[in-house]
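Remarks on the structure that follows.
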Amino acid sequence: MSASLVVGSQWGDEGKAKVIDYLSKNIDIIVRYQGGANAGHTVVVDGKEYIFHLVPSGIIYPNTVCIIGNGVVLDPEYFLEECDGLVEKGFPIYKQLFISDSCHLILPFHKTIDELREANSQPGEKIGTTKKGIGICYSDKMNRIGIRAGDLFEEDSLKARIKTLVDRKNEELVKLYGVKACTYQEVLDKLKYFYDRAGHLIINTSYYLNKELKKGKRVLLEGAQGTGLDIDFGTYPYVTSSNPTSGGAIVGSGIGFNYLEKVYGISKAYTTRVGEGPFPTEIFDKNGEVIRKKGHEYGATTGRPRRCGWFDTEMVKYSAMVNGMTELVLTKIDILSEFDKIPVAVGYEINGKKLEHFPSHGLEKVKVVYEEMPGWKTDIKGINEFDKLPSECQNYIKYIEKLIEIPIKIISTGPGREETIVIED
Ligand code: IMO
Ligand code: MG
């Protein structure tokens with residue numbers, strides 16, 4: 001067993017990339033297994049900030065092999081742009097990167113339709129997507145009309161597949177939205193350009209991963225988004241179109257679950273959400289703005305201000321269950337240093353009745369039951385030993401740990417690699 005998994009336990013932006021970067025020093029291969037350029041993963045190394053959208057966050061380690069798994073939807077134009085940007089910064093990443101031949105490709109019309117659908121939605125229907133074409137591309141995958149990276153090797157059938165897809169998309173573009181049709185030739189040209197530049201990176205990554213795992217190599221599976229955005233376990237329909245949860249890691253990488261050793265759930269010491277959808281612990285007074293400002297809670301992909309709220313033990317306990325989390329990593333605890341008292345959600349009620357668990361419908365109707373914890377009111381940024389944290393902060397962490405029923409093993413006190421507390425067994 002030598003694979004571990006990093007998965008978001010809230011609505012994304014939990015600080016997964018910092019944890020992946022931290023864990024990567026002992027890792028040989030990192031795999032993105034779902035989502036696409038909707039992710040925004042920020043890593044800070046030696047005071048320099050790197051933001052990744054498609055490429056796994058471990059790429060800045062020179063000897064780590066990075067894989068874009070079959071479960072990802074890859075935007076060829078965006079991919080080349082991100083890779084070229086990294087090469088410019090001095091990372092020779094084309095030497096350490098593979099793309100699954102089964103991953104689906106996002107084409108320009110996917111993004112156009114995503115945008116048009118959002119713009120033409122009635123209030124209440126809008127999802128608040130990142131407009132990266134994610135849901136539209138995954139629909140084509142499920143409809144069995146999508147284009148996969150491996151199709152680029154089969155010229156004749158590729159042409160036929162593009163034709164079918166372009167015809168179908170033009171129905172929507174022209175008839176439904178009254179915009180310009182896309183042409184077969186422009187799609188073919190874009191794919192040819194991608195193939196010329198990145199064709200040598202496209203392999204059967206499932207086979208590669210299993211071969212390397214058998215040799216004893218250590219693999220880290222990098223989740224994007226989070227459990228609250230999962231198409232099955234999240235707050236449907238206000239979700240993304242993939243499975244960020246553990247099951248998605250298996251399906252989206254092609255390794256057996258028997259290889260999975262650890263499932264790290266990542267959670268902020270508070271909660272954020274971007275886009276539409278229910279959010280029980282959302283803060284509407286000035287405290288929300290305090291967190292947003294101090295925590296730089298603005299989307300790394302879209303720049304939108306994130307909605308901020310208190311830590312929700314019901315949600316994280318549910319995430320721990322559906323993902324089979326073995327431990328939790330608590331991030332951004334330093335952001336809470338401002339507060340005299342810190343509310344923690346400890347349960348939900350509907351019409352005065354306590355709910356047994358995080359509900360799969362009707363979340364917008366719950367009344368949150370809070371417990372107020374004393375704050376610590378002192379700067380803890382960069383502290384890297386648990387015993388050096390103020391006692392109120394230690395109590396906050398222990399209180400959460402007791403309620404979520406899994407151990408908190410890593411605590412992040414700042415964005416840098418060294419601003420990390422590891423709790424030894
Ligand atoms: P990382 O990996 C936070 C949200 C969008 C929207 C919903 C659907 O950085 O944690 P989509 O474009 O996926 O169809 O949008 O999902 N969303 C994210 N929110 N972090 C992300 O990724 C997200 N990726 C998508 O805001 O509400
Ligand atoms: Mg993000």
Locate the shortest heavy-atom distance separating [X] from [Y]; write the atom from each residue and the value.
{"X": "Ile255", "Y": "Ile250", "answer": "O-CG2, 3.3 Å"}
{"X": "Cys83", "Y": "Tyr94", "answer": "CB-OH, 3.1 Å"}
{"X": "Glu118", "Y": "Gly128", "answer": "OE1-N, 2.7 Å"}
{"X": "Ile30", "Y": "Gly58", "answer": "CD1-CA, 3.3 Å"}

Spatial distance of atom [atom1] ([X]) from atom [atom2] ([Y]) [nearest 0.5 Å]:
{"X": "Gln394", "Y": "Ile421", "atom1": "CD", "atom2": "CD1", "value": "8.5 Å"}
{"X": "Asp101", "Y": "Ile203", "atom1": "CG", "atom2": "CD1", "value": "8.0 Å"}
{"X": "Leu107", "Y": "Phe194", "atom1": "CG", "atom2": "CZ", "value": "10.5 Å"}
{"X": "Ser121", "Y": "Ile127", "atom1": "OG", "atom2": "CD1", "value": "7.5 Å"}
{"X": "Met321", "Y": "Phe358", "atom1": "CE", "atom2": "CZ", "value": "10.5 Å"}
{"X": "His357", "Y": "Tyr318", "atom1": "NE2", "atom2": "OH", "value": "9.5 Å"}

So, [X] and [Y], do they make that salt bridge, N to O below 4.0 Å?
{"X": "Arg168", "Y": "Asp140", "result": "no"}
{"X": "Arg218", "Y": "Glu261", "result": "no"}
{"X": "Glu115", "Y": "Lys111", "result": "no"}
{"X": "Lys215", "Y": "Asp28", "result": "no"}
{"X": "Arg306", "Y": "Asp13", "result": "yes"}
{"X": "Lys190", "Y": "Glu77", "result": "yes"}
{"X": "Asp167", "Y": "Lys163", "result": "yes"}

Backbone of [Y] reached by a side-chain donor or acceptor of [X] within 3.5 Å:
{"X": "Arg417", "Y": "Glu419", "answer": "no"}
{"X": "Glu82", "Y": "Leu54", "answer": "yes"}
{"X": "Ser412", "Y": "Thr420", "answer": "no"}
{"X": "Lys16", "Y": "Gln225", "answer": "yes"}
{"X": "Ser319", "Y": "Ser9", "answer": "yes"}
{"X": "Glu212", "Y": "Ile29", "answer": "no"}
{"X": "Thr227", "Y": "Gly8", "answer": "yes"}
{"X": "Trp310", "Y": "Thr281", "answer": "no"}
{"X": "Lys18", "Y": "Thr42", "answer": "no"}
{"X": "Arg307", "Y": "Gly275", "answer": "yes"}

Kindly say whether the aromatic ring centers of Tyr50 and Phe91 come within a distance under 6.0 Å.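 When the ring centroids of Tyr50 and Phe91 are compared, they turn out to be within the sub-6.0 Å range.
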If the plane angle is over 60° it's perpendicular, under 30° parallel, otherwise tilted; pick one for His53 and Tyr78.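 Plane angle over 60°, so perpendicular.
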When Thr129 is tested against each of Thr302, Thr240, Asp114 for side-chain hydrogen bond (donor to acceptor under 3.5 Å, both in side chains), which residue passes?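 Among Thr302, Thr240, Asp114, the one meeting side-chain hydrogen bond (donor to acceptor under 3.5 Å, both in side chains) with Thr129 is Asp114.
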Between Asp312 and Thr271, does a side chain to side chain donor-acceptor pair (under 3.5 Å) hold up when you go through it step by step? CA-CA 7 Å; Asp312 188 341; Thr271 314; over 6 Å; no
Under 6.0 Å from the ring centre and within 45 degrees of the ring axis: does the NZ or CZ of Lys25 meet both conditions for the six-membered ring of Tyr22?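 Output yes; distance and angle both within limits.
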Quick one: do Glu364 and Tyr238 satisfy side chain to side chain donor-acceptor pair (under 3.5 Å)? Show the steps, please. CA-CA 12 Å; Glu364 63 289 345; Tyr238 303 102; over 6 Å; no
